[in-house]
**Q** 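I have a structure here, written as structure tokens, and I will follow up with some questions on it.
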Amino acid sequence: MEYNFKAIDAKWQQYWMENRTYRVTEDAGKPKYYVLDMFPYPSGAGLHVGHPLGYIAGDIYSRFKRHQGFNVLHPMGYDAYGLPAEQYAIQTGQHPAVTTEQNIRRYRDQLDKIGFSFDWEREIRTCDPGYYKWTQWAFAKMFHSYYCHDRQQARPIAELTGIFGQQGAKGINVACTEELSFTAGEWNAKTEREQQEILLNYRIAYLADTMVNWCPALGTVLANDEVSEGLSVRGGHPVEQKRMRQWSLRVSAYAQRLLDGLDTLDWTDSLKETQRNWIGRSEGAEMEFKVKDSAFRIQIFTTRADTIYGVTFMVLAPESDYATMLVKPEHRAEADAYLEAVKRRTERERMADRRVTGVFTGSYAINPFSGEEVPVWISDYVLAGYGTGAIMAVPAHDSRDYAFAKHFGLPIIPLIEGCDVSEESFDAREGVMTNSGILNGLTVPEAIRRARDYIRENGIGRVKVNYRLRDAIFSRQRYWGEPFPVYYRDGMPYTVDEADLPVELPEVDRFLPAETGEPPLRRAKDWTYKGYPLELCTMPGFAGSSAYYLRYEDPRNGSAPVSPEANGYWRNVDLYIGGTEHATGHLVYSRFWNKFLFDLGVVRDDEPFKKLINQGMIQGRSNFVYRIKGTNRFVSCNLKDRYDTTEIHVDVNIVHNDVLDMEAFKSWSPDYASAEFILEDGRYICGWAVEKMSKSAYNVVNPDMIVEQYGADTLRMYEMFLGPLEQSKPWDTSGIEGVHRFLRKVWNLFVSREGSLDVSDGAPAPQELKSLHRAVKKVTADIENFSFNTAVSAFMICTNELQEQKCNKRRILEPFTVLLSPFAPHLAEELWHALGHDESITGAAYPVASEQYLLESSFTCPVSFNGKTRFTIELPVDMDAETIEATVLATEGARKWMDGKTPKKVIIIPKKIINIVI
RNA sequence: GCCUUGGUGGUGGAAUUGGUAGACACGCGGGACUUAAAAUCCCGUGGGCAGCAAUGUCCGUGCGGGUUCAAGUCCCGCCCGAGGUACCA
């Protein structure tokens, strides 16, 4: 009987649903294992074949772990807040909640057809009030916390106000936006409003002025890619840099812990390195330069204190506070014009256009080492957001300073013996110092240390660690996101009482900003709390996705984000699978968020994701037809050079193995109904290219179509067979037949042509046992190494061998079925029940490879002379090295090659190779 | 520029981490079954040379060197592709 995958898929998907086969509960009697897939944003386009790649891998691993006796938590949900639904809502008036719900239903439908073992009773959606209650709750906790550097921990803000009341801000070592100093008396004398303003400087969730792209005409903040040449892309209205009060999260406070935590994680080195670069720790010195004839001191940060004698000018960031203060009256007009010009450019434009620009302030600073006077300039190559917003410029040893000095004709003093700075700067940190006063004769690393000591001893500055990681801006002027649990009294933010959470997203008449230019929530009726106005912004996308893994552990808990019991059992994620695109965003925010909850005592683990696998992207493989210009004739790919043609994308779904289905093409579009073809070998061959999967390239392949044509198990196995999990690769169906053929072979091993189960209870032959156990060993090792493509090969080899041996023994086929079940659960379940089992195969014990069946009595081994392989010899496995040597040397073959000489050396690697040097 | 990757047949990719390079699959060629097709099964398939043949032999993992009895794998110097990232002082 034929392998009827359609009936099998449908039968068991229904069975799993009705029997709640994949429901899990905490079970202290079993070890736990938590497998998490990055949850999807349910887009209107539905799933394409690239999406399930990671999910299939996660599902195979989950099922594998279940067979091994683990209690596996393998949930799924939806990252439901997002921009596309809101844009769609603005255009059509359709409520984002409605479209999101539709999309989720489509996703669920598609996912169900692939046969995943998700526990759907634990499903979460970030837009559910029951879910975002805890997003708001965490935010409120961050608002009520500060970060104590001494204890390396978030602490309640009340603790800080207590300290302020007793000793003021003196001597505290806490994370803050700006170093403040006040006494206890001064603190106690402040009004409530003043105190609240000061606390924002310390809160982990805080309001602060940040630079944003503001478009007055549209009344909204724009992202960098929505702005071009100072104008909004939509409408062409002017955009300016504006300081705006925005919510931020003090992620930077956790920089060191985020860095240190990486060492404990089982992530790829490349991903850890990406995070290290993102955090960007740099050790250096902060020091002060006095300004000539002024009380000002310019504070700078440098990692190259050793180059201090090469400072020939100073540069201030245009946005820094110093910039306006140090401008002398005679330079005022020029400087103002420059600052105005800079203000009009977005950050993106500044990056794209690397022209050297700047303006002299008229002020001079004094080098604290040499006492020399150097001019102070303003330039936009210095960023206000990093370090102190001011630098000492050493053109000889910094390429950016070099370009600036060359452009404005400033002096360049080389400091390293023998370096050539006539064409470019010498940035390398090596060599011996010269022209450097007290540092002369030292190597660069020595000089860095010596200079730092000098700075400290003479009170010029201090050693400091800087991080590139910036606080996360947390406000969005949008509708479709979590509302903040925040109201304003006397202009100051306060949080909504915990008992009144969640603050539900209100209804609005339209999803656009209000006429006042305020965010869409301004349109909501009665948007107040206790008579006070509520916050109008909503939270960004990463708010809901930062701690979602926790909520799966206890999804319906109404009184805590997760109960101590549930978290105590499930702990953190053992295996997390998702794309690399989240390497710096989601994976940094999640770790930050989790560390904060850890400090609160809500979670037991400091890191959320122990092991992480990045699945590669599946790209599209587009097909082309070639139309002869000015005609409706199409020429096959290999003949196209004989004509003048236009390349046209053709829907990949009407092309099979690059051969065009010409009838389907004619009916694809009315334009081609009368198409004529110039064929090669009677076929029309299409050209192809690898591109991103997109509607416009007509290369989107839906999993549904593959499932329809070949069944879910073929899709699952083929996606794994396509290549290494972590590698990006184009979707190409040309090999899918091979995988499908394999599943049919498996079916035929069990079932006779007439359709009856054809399995015998006889004792298996040694060869059959060997085939099985070799597969068990290989497949198990491959799953553990996430090498699923080679595991599929191992299945094929085993099946070919069993088929060749005409094996129909129950004692072989039964363990084989369990082995196959993670990859092809539908087929495995069908065969398992056919073999007489009543329970789902999900609970079956995983087979164990026994070496006993793998052992051979002898092995063949190549023998080489002077590195050249000459013959192969068969030897017993248990022979010791000495006997092997004697046996080999006694053979006729060896005597022939040695030609009477005695061997200089014999190298024997047991069971592998014998190498004889004559 | 910097960081991270990768480069193996006509194609996707294997190679126990230094031990018979090309597993497995696709494609292609040949054959069996069939009135025929589909399906299925069997054989061949990196390249050159020699041979009727079994087979032998040389060359082959981006390029050039090196270490080693032995290199796709390790070391040095290049070339090319992919991804990430950037006036971060």
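Chain letters run A, B, ... following the sequence lines, proteins first, then strands; residues in each count from 1. A quick note: this is a predicted structure, and the numbers were derived from the prediction, not measured.
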**Q** Could you check which residues of residues 775-787 of chain A get a heavy atom under 4.0 Å from RNA chain B? Sort them by number, please.
**A** none
**Q** Report the secondary structure of RNA chain B in dot-bracket form, marking unpaired bases with a dot and bases paired to a different strand with |, and treating Watson-Crick or G-U pairs with both distances under 3.5 Å as paired.
**A** (((((((..(((......[....)))((((((.......))))))(((((....)))))..(((((..]....))))))))))))....
**Q** According to a strict under-4.0 Å criterion, is A:N614 in side-chain N/O contact with OP1 or OP2 of B:G83?
**A** no
**Q** Looking at every strand, decide which applies to A:S282 at a 4.0 Å heavy-atom threshold: base, sugar-phosphate, or nothing.
**A** sugar-phosphate
**Q** Using the C1' atom in both, what is the distance from B:G27 to B:G12, to the nearest Å?
**A** 11 Å
**Q** Say you pick atom P in B:A82 and the same atom in B:G31; how far apart are they, in whole Å?
**A** 44 Å
**Q** Is the charged tip of A:R591 near the ring of A:W278: under 6.0 Å from the six-membered ring centre and within 45° of its axis?
**A**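 Cation-pi check for A:R591 and A:W278: fails.
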**Q** Reckon A:Q803 has a side-chain N or O less than 4.0 Å from the OP1 or OP2 of B:U40?
**A**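 Checking A:Q803 against B:U40: no side-chain N or O falls below 4.0 Å of OP1 or OP2.
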**Q** Taking all non-hydrogen atoms of both residues, which atom of A:I577 and which atom of A:A57 are closest, and how far apart?
**A** CD1-C, 4.2 Å
**Q** Rounded to the Å, how far apart are A:K745 NZ and B:U40 P?
**A**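 After rounding, the reported distance stands at 9 Å.
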**Q** On a whole-Å scale, what distance lies between the P atoms belonging to B:U4 and B:C76?
**A**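 Taking atom P in both B:U4 and B:C76, they lie 14 Å apart.
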**Q** Using the C1' atom on both, measure B:G56 against B:G65 and round to a whole Å.
**A**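 B:G56 and B:G65 have their C1' atoms separated by 33 Å.
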**Q** Distance between the C1' atoms of B:G46 and B:G72, in whole angstroms?
**A** 15 Å
**Q** Contact class for A:N748 (heavy atom, under 4.0 Å): base, sugar-phosphate, or nothing?
**A**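 It contacts nothing in the nucleic acid.
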**Q** What integer number of Å spans the C1' atoms of B:U8 and B:C24?
**A** 15 Å
**Q** Going by the angle between their ring planes, with limits at 30° and 60°, are A:F823 and A:F788 parallel, tilted or perpendicular?
**A** perpendicular
**Q** P atom, B:G47 versus B:G9: distance in rounded Å?
**A**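 Their P atoms lie roughly 12 Å apart.
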**Q** Do A:F408 and A:F313 have ring centres separated by under 6.0 Å?
**A**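 Distance test on ring centres: not under 6.0 Å, no.
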**Q** Roughly how many Å is it from CZ in A:R276 to C1' in B:G84, rounded to a whole number?
**A** 16 Å
**Q** Please tabulate the protein-to-nucleotide N/O contacts below 3.5 Å involving nucleotides 1-10 of chain B, giving atom names and distances.
**A**
unit_1	atom_1	unit_2	atom_2	d
B:U4	O2'	A:S270	OG	3.4

**Q** Using a 90° cut-off around 0 for syn, call B:G9 syn or anti.
**A** syn
**Q** Counting only side-chain nitrogens and oxygens, does A:R470 get under 4.0 Å of the OP1 or OP2 atom of B:C88?
**A**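 Negative; the distance criterion is not met.
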**Q** Using OP1 and OP2 only, check whether a side-chain N or O of A:N789 sits under 4.0 Å from B:A14.
**A**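 So the side chain of A:N789 is within the cut-off, an N or O lying under 4.0 Å from OP1 or OP2 of B:A14.
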**Q** Mind telling me whether B:U11 is syn or anti, cutoff 90° either side of 0?
**A**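 Base orientation: anti.
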**Q** For B:A39, does OP1 or OP2 lie under 4.0 Å from any side-chain N or O of A:R744?
**A**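 A:R744 to B:A39 OP1/OP2: no side-chain N or O under 4.0 Å.
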**Q** On a whole-Å scale, what distance lies between the C1' atoms belonging to B:G84 and B:U73?
**A** 27 Å
